[in-house]
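Read through the structure below, which is laid out as structure tokens, and then see the notes.
Reckoned from all heavy atoms, side chains included, excluding hydrogens, waters and symmetry mates. Since this is a predicted model, take the numbers as computed values, not measurements. Order of the sequence lines fixes the chain letters, A, B, ..., with proteins taken first and strands second; residue numbering starts at 1 for each chain.
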Protein chains: 2
Amino acid sequence: MDVTIYEVARRAGVSIATVSRALRGTGPVAPKTREKVLKAVEELRFTPSRLGVSLAEGRHAANGIVFPNLAGPYYTEVLLGYEEVASELGRSVVILSTKGRSRVHDLVKDLAGRVDGLMVFGHTVPDDLVAELVRMRMPLVFVSREPLPGADTLRSENTTSARALAEHLLGHGYRRFTFLGAPIATGDDVDERWQGVRSVLGTAIEAVPTEHYTVEYGYQAAKTLLRAPARPEAIVCSDDEVALGALLAAEELGLAVPDELAVTGWDDIMAARHARPALTTIRQPMRELGARAARALDELITGARDTPNHLVLTTELVLRASCGHHPQEEPK
Amino acid sequence: MDVTIYEVARRAGVSIATVSRALRGTGPVAPKTREKVLKAVEELRFTPSRLGVSLAEGRHAANGIVFPNLAGPYYTEVLLGYEEVASELGRSVVILSTKGRSRVHDLVKDLAGRVDGLMVFGHTVPDDLVAELVRMRMPLVFVSREPLPGADTLRSENTTSARALAEHLLGHGYRRFTFLGAPIATGDDVDERWQGVRSVLGTAIEAVPTEHYTVEYGYQAAKTLLRAPARPEAIVCSDDEVALGALLAAEELGLAVPDELAVTGWDDIMAARHARPALTTIRQPMRELGARAARALDELITGARDTPNHLVLTTELVLRASCGHHPQEEPK
DNA sequence: TGCCTTTCTGTAAGCGCTTACACAACTGAT
DNA sequence: ATCAGTTGTGTAAGCGCTTACAGAAAGGCA
């Protein structure tokens, strides 16, 4: 930064405190004095240093967000909602992806040093570091994670919608099911979805893992599954990406969806809508999730609230062609 | 921040300069002294303040990125590539979306105060502000924008691939074309695509605008177009989202793609691959774009280079079912 | 005119860290 | 033992900004 507040003060013939007051409106400044200051600011094209302001104020006016990675539309949509609200609240957004990164501790610590609060996806920050951030009284909002003492959590509803999905599939007459994309951790989103469908389908459904929740891994696992002698009538997938992989496998093996095999997803990402057949899925209010997280974090940062909230946003069963024929087909 | 370097120094019985040297490895420190310092750091759980470090060093160790918005997978993929390389280079990433925002000047200025350099998509930052950032010697890399003096630009190739696409469509035997999603600005990416196809197809193709480059607007424009008496044989779309909209319109009007109408896109986003028929498109190396931008910016920030570069990354024609039948169908 | 109140302004002390420079201590060679 | 060179350490000056507090100036009223 070239120009400092000292040069502005010199040019305007006032003290730096007066420059600060004139620019920030934090105290009385005579109209004539203000004019002199603003004139000097314009002539010198002065912009206050973000660093100086933050250090002196003791606040960053920025929010952090930690996610596994951006691959997959789910995270993007949440980020979009988050960034929009953060910006409205006058905060910058600093992002960090942790997947495949070494030194996650250092990365998160560095991030924490730049922001006034953090939104964290699931378990992307190690638990010991979470404990330390809590100890440091860093405002935290967790998304897609089971309730955690001392921090806000925010997630989409899984169990009820999973049950509704399972019941809908029973209504189509299917009797043999596979849950593709077995949960990795107890209590996370996918585990809740699994528990939900299993509570309805019981022993009629078994879980098959995919190493990751991606199209490619979903495709591989589905191809193996569909080549086996005892094929399910319907595959309930952990998420839309795995479901898209299952659709590809079915297509390749010449299985007609939904006539020979039904497939469902979760999330309602763009590609789910444009696949053919279009995927039946559960719509997650992803942008709303991000927006709500940013608002919750604001409350914690400003001290408007200091007791943790645990929010669950409703999800919605979206019927499309992939699970079977419906009397009145979805328009889009 | 609770613990400062002064408390560490007091606990270790050394000066703050020694603490700094021991932690940063910037000068000689006796082994015994280093141990004392590290012990104090551990006991007090000291983390250096990012603000203090940045102010004293005169550098942020962070990169900024300005984009219109995150809606649409293109920007996300670029961001992903950017963030990955930035992190490898030890930098945080601060994001800003400008679409629909008031006070863009202030937002960009604030962002500039937090980072060592900026990557900017196209024209998302007003030209007068760009000029000011250049004057301030803020390192800048522009993506998807015509070459600009004094700053790096980086874009994907448009014209050659557009010509290859047009020639491929001619090879299918089509003779009446529409370019859906007319360029908004001369010289931008879509304009180059339009110029490319027009240089091959001449008066056989006309441009039809869509208000925005989104699925919804593409759908509306395509529906209007396909209802008119003189229907094109092939629609060349500005990008994949508009093309997905055109596919929806064709489906709704009962037009078989590609038998009755061919459709092509641009970008090769996920949904383009999963649509049915799968979209013929031009693959943009979006992650590579982001990664290269981060590297170029690093060179500018570190002073490894001070003359602007203008890079063009190659794109690739991806043949799928939407433009017609090919002797050997694409596997996926 | 004098007193009181309000408005305005400047000084100094931080916020947390880095590091140039001066000096001390140590080591090795003569 | 002395000298020269190297290693190690502390002090002080910043980096850029905010603001509490003290004092000055201005205005209004008796």
Side-chain angles (χ1 to χ4, degrees), chain A residues 1-38 40-41 44-62 90 109-110 112-116 136-138, chain B residues 1-38 40-41 44-62 90 109-110 112-116 136-138:
Chain A
M1 287 296 131
D2 336 340
V3 184
T4 68
I5 199 169
Y6 292 92
E7 289 178 58
V8 175
R10 200 158 40 233
R11 162 97 44 139
V14 300
S15 74
I16 54 174
T18 300
V19 175
S20 190
R21 274 188 290 254
L23 291 184
R24 293 169 62 87
T26 48
V29 179
K32 271 185 177 293
T33 306
R34 176 181 286 106
E35 280 172 30
K36 283 198 294 185
V37 169
L38 295 186
V41 164
L44 294 172
R45 301 190 182 188
F46 172 69
T47 300
S49 153
R50 179 73 250 170
L51 276 180
V53 173
S54 291
L55 187 60
E57 278 191 332
R59 84 176 195 106
H60 300 271
K109 280 286 193 68
D110 184 75
R114 299 174 188 273
V115 298
D116 301 313
M136 287 160 60
R137 289 188 298 283
M138 164 67 65
Chain B
M1 286 294 132
D2 334 343
V3 185
T4 67
I5 200 169
Y6 292 92
E7 290 178 56
V8 175
R10 201 158 42 232
R11 163 105 34 149
V14 299
S15 74
I16 55 173
T18 299
V19 174
S20 190
R21 274 187 291 252
L23 292 183
R24 293 169 61 86
T26 48
V29 179
K32 269 187 178 296
T33 306
R34 175 179 288 104
E35 281 173 29
K36 284 197 294 185
V37 170
L38 295 186
V41 165
L44 294 172
R45 299 190 186 187
F46 171 70
T47 300
S49 152
R50 179 73 250 169
L51 276 179
V53 173
S54 292
L55 188 58
E57 277 190 331
R59 82 175 197 108
H60 299 272
K109 279 286 192 70
D110 184 76
R114 298 172 188 275
V115 298
D116 302 315
M136 287 160 60
R137 289 189 298 281
M138 165 65 67

[X] [atom1] to [N] [atom2]: how many Å, rounded?
X       : N      : atom1 : atom2 : result
B:Phe46 : C:dG16 : CZ    : C1'   : 8 Å
A:His60 : C:dC15 : NE2   : P     : 15 Å
A:Glu57 : D:dT19 : CD    : P     : 6 Å
B:Leu23 : D:dT9  : CG    : P     : 14 Å
B:Lys32 : C:dC26 : NZ    : C1'   : 16 Å

For B:Lys36, which residues count as a salt bridge (charged side-chain N to carboxylate O under 4.0 Å, His left out) partner, sequence neighbours excluded?
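For B:Lys36 there are no salt bridge (charged side-chain N to carboxylate O under 4.0 Å, His left out) partners, ignoring immediate neighbours.
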Salt bridge (charged side-chain N to carboxylate O under 4.0 Å, His left out) partners for A:Arg137, two or more places apart:
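Partners of A:Arg137 by the salt bridge (charged side-chain N to carboxylate O under 4.0 Å, His left out) criterion come out as none, since no residue qualifies.
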Contact check, side chains of [X] and [Y], non-hydrogen atoms, under 4.5 Å:
X       : Y       : answer
B:Leu55 : B:Leu51 : no
B:Leu23 : B:Ile5  : no
B:Val3  : B:Arg45 : no

Looking at residues at least two apart in the chain, or sitting in another chain, which of them share a side-chain hydrogen bond (donor to acceptor under 3.5 Å, both in side chains) with B:Arg24?
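In terms of side-chain hydrogen bond (donor to acceptor under 3.5 Å, both in side chains), with neighbours along the sequence ignored, B:Arg24 is linked to B:Glu57.
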Within this structure, what is the OG1-CG distance for the pair A:Thr47 and B:Asp110, rounded to the nearest 0.5 Å?
10.5 Å
In Å and rounded to the nearest 0.5 Å, what is the CZ to OG distance from A:Arg50 to B:Ser54?
12.5 Å
Listing, residues 8-22 of chain A side-chain donor-acceptor contacts under 3.5 Å, not counting sequence neighbours, or none:
| residue | atom | partner | partner atom | Å |
| --- | --- | --- | --- | --- |
| A:Arg11 | NH1 | A:Glu43 | OE1 | 2.6 |
| A:Ser15 | OG | A:Ala17 | N | 3.3 |
| A:Ser15 | OG | A:Thr18 | N | 3.2 |
| A:Ser15 | OG | A:Thr18 | OG1 | 3.2 |

For B:Arg24 and C:dT19, is the shortest distance between a side-chain N/O and OP1 or OP2 below 4.0 Å?
yes
Over the length of the helix from C:dT1-D:dA30 to C:dT30-D:dA1, how much do the five-pair end axes diverge, rounded to 10 degrees?
40°
Along DNA chain C (nearest heavy atom to each residue), the more 5'-positioned of B:Thr26 and B:Leu51:
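Residue closer to the 5' terminus by nearest nucleotide: B:Leu51.
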Could you check which residues of residues 5-12 of chain A get a heavy atom under 4.0 Å from DNA chain C? Sort them by number, please.
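Hits under 4.0 Å, by residue number: none.
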Using the 3.5 Å cut-off, write out each protein N or O paired with an N or O of nucleotides 5-9 of chain C and the distance between them.
| residue | atom | partner | partner atom | Å |
| --- | --- | --- | --- | --- |
| C:dT9 | OP1 | A:Thr33 | OG1 | 2.3 |
| C:dT9 | OP2 | A:Ala30 | N | 2.9 |

Which is true for B:Leu55 with a 4.0 Å heavy-atom rule: it touches a base, it touches only sugar-phosphate, or it touches nothing?
base
With sequence neighbours excluded, what pairs up with A:Asp116 under the side-chain contact (heavy atoms from CB on, under 4.5 Å) test?
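So A:Asp116 forms a side-chain contact (heavy atoms from CB on, under 4.5 Å) with A:Arg59, A:His60, A:Arg91, A:Ile301.
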